[in-house]
There are 2 protein chains.
Amino acid sequence: MELHEPDLTAVPVTSVLAALADDVRLQIVRTLAEGGESACGSFDFGVSKATRSHHLRVLREAGLTRTRAAGTSRLVRLRRDELDRLYPGLLDAVLGTRTSA
Amino acid sequence: MELHEPDLTAVPVTSVLAALADDVRLQIVRTLAEGGESACGSFDFGVSKATRSHHLRVLREAGLTRTRAAGTSRLVRLRRDELDRLYPGLLDAVLGTRTSA
DNA sequence: GGTGTTGTTCGATTATTGTCGAACAAGGGT
DNA sequence: ACCCTTGTTCGACAATAATCGAACAACACC
């Protein structure tokens, strides 16, 4: 299985923003920012596992997360350092906000 | 004509991000950030005026811009202060990047 | 080998969004 | 009054994207 984790500098800004511009994905990112590495299954935000898998793929392909296998699970983590380096202040600005206002 | 310029705190973060997650709109925002108040017609990024009008509406309704009439033109400006107050670092992070990499 | 758990992939469906031309509205000249 | 410029609005259409269930793959464990 190829993980397709792009070089962040090769991802258009608009793709990064689009990846963040969705409620489910933003909640995933929020969870990762607070809780660190988490299993895919731990993100239960009222969508099916197919949909969840889809959102995790969008995040990964936008360069926001990295994924590694761990037994039958997969652990996902935020690429915080890289993101902060390339877009300083972005994550802080986006995450420092209430869930949906 | 009602301008529909919402209170920024009433706009979901995802809507702000979605408004920025488009090439044409990002170019408009970039232009406004550098050039200050500009007429709608000055944004010629290869789309029809109908499309341009649409994008300016999206930006306005996401709370990113304000518009005022000036004769037959309309002048648009970034709501920079408010944006920087509510999402400190967001605009800097997003705009401090090459056009599309 | 069989069973259960965890994810991914494959259509299919639906909703959203970008795009355009054409029609319309509001102003400013002359 | 007439015309030109500047924008907006109205369908319509095409492209994207979100969502789901079902089928599949990989692994662990008994």
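We name chains A, B, ... by the order of the sequence lines, and we start the count at 1 in each one.
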Which parts of residues 47-58 of chain A get close to DNA chain C, meaning a heavy atom less than 4.0 angstrom away?
A:K49, A:A50, A:S53, A:R57

In whole angstrom, give the distance that lies between atom CD of B:E61 and atom C1' of C:dT16.
15 Å

In this structure, would A:V76 and A:V58 fall into the same cluster of hydrophobic residues linked by side-chain contacts under 4.5 Å?
no

Nucleotide nearest A:R60 when distance is taken to its side chain, options C:dT8, C:dG7, D:dT19
C:dT8

To the nearest angstrom, how far is A:F45 atom CZ from D:dT19 atom C1'?
17 Å

I'd like to know if the side chain of B:R66 and the backbone of B:L78 have a donor-acceptor N/O pair within less than 3.5 Å.
no

To the nearest Å, how far apart are A:Q27 CD and D:dA18 C1'?
15 Å

Can you give me the closest heavy-atom contact between B:A62 and B:V16, atom names plus distance?
O-CG2, 3.8 Å

Please answer: with hydrophobic residues joined when any side-chain heavy atoms are less than 4.5 Å apart, are A:V94 and A:F45 in the same cluster?
yes

Determine to 10° how strongly the helix from C:dG1-D:dC30 to C:dT30-D:dA1 is bent, judged from the axes of its five-pair ends.
20°

Where do N or O atoms of nucleotides 1-5 of chain D meet protein N or O atoms at under 3.5 Å, pair by pair?
residue : atom : partner : partner atom : Å
D:dT5   : O2   : B:T72   : OG1          : 3.4

B:R79 with B:E5: basic N within carboxylate O range, under 4.0 Å
no

For the residue pair B:A18 and A:A21, what are the closest heavy atoms and their distance?
N-CB, 3.5 Å

Rounded to whole Å, the CG-P distance (B:D44 to C:dC20) equals 11 Å

Output the rounded distance in Å from CG (A:L59) to P (D:dA18).
10 Å

Base, sugar-phosphate alone, or nothing: which one does A:A18 contact when heavy atoms must sit under 4.0 Å apart?
nothing

Single hit among B:L95, B:D84, B:V13, B:L20 for side-chain contact (heavy atoms from CB on, under 4.5 Å) with B:L90:
B:L20

Whether B:R85 and B:E82 form a salt bridge (side-chain N of Lys/Arg under 4.0 Å from carboxylate O of Asp/Glu) is what I want to check.
no

Going by heavy atoms in the side chains, are B:L59 and B:V29 under 4.5 Å from each other?
yes

To the nearest Å, give me how far apart CG (A:D22) and P (D:dT16) are.
18 Å

Could you tell me the separation between the CZ atom of B:F43 and the P atom of C:dG18, rounded to a whole number of Å?
17 Å

For atom CG of B:L75 and atom P of C:dA26, their distance in whole Å
19 Å

With a cut-off of less than 4.0 Å, is there a side-chain N or O of B:S73 near OP1 or OP2 of D:dG7?
yes

Go through the steps for A:I28 and A:L56 under the test side chain to side chain contact (heavy atoms under 4.5 Å, CB included), then give the verdict.
CA-CA 8 Å; A:I28 293 176; A:L56 286 168; 4.0 Å; yes

Looking at A:R30 and A:E34, is any side-chain nitrogen of the basic one under 4.0 Å from a carboxylate oxygen of the acidic one?
no

Is there a continuous path of hydrophobic side-chain contacts, each under 4.5 Å between heavy atoms, that joins A:V24 to A:L17?
yes

So, does A:R74 get its side chain near the phosphate of C:dT8, meaning an N or O under 4.0 Å from OP1 or OP2?
yes

Within the structure shown, what part of the strands sits under 4.0 Å from B:A69 by heavy-atom distance: base, sugar-phosphate, or nothing?
nothing

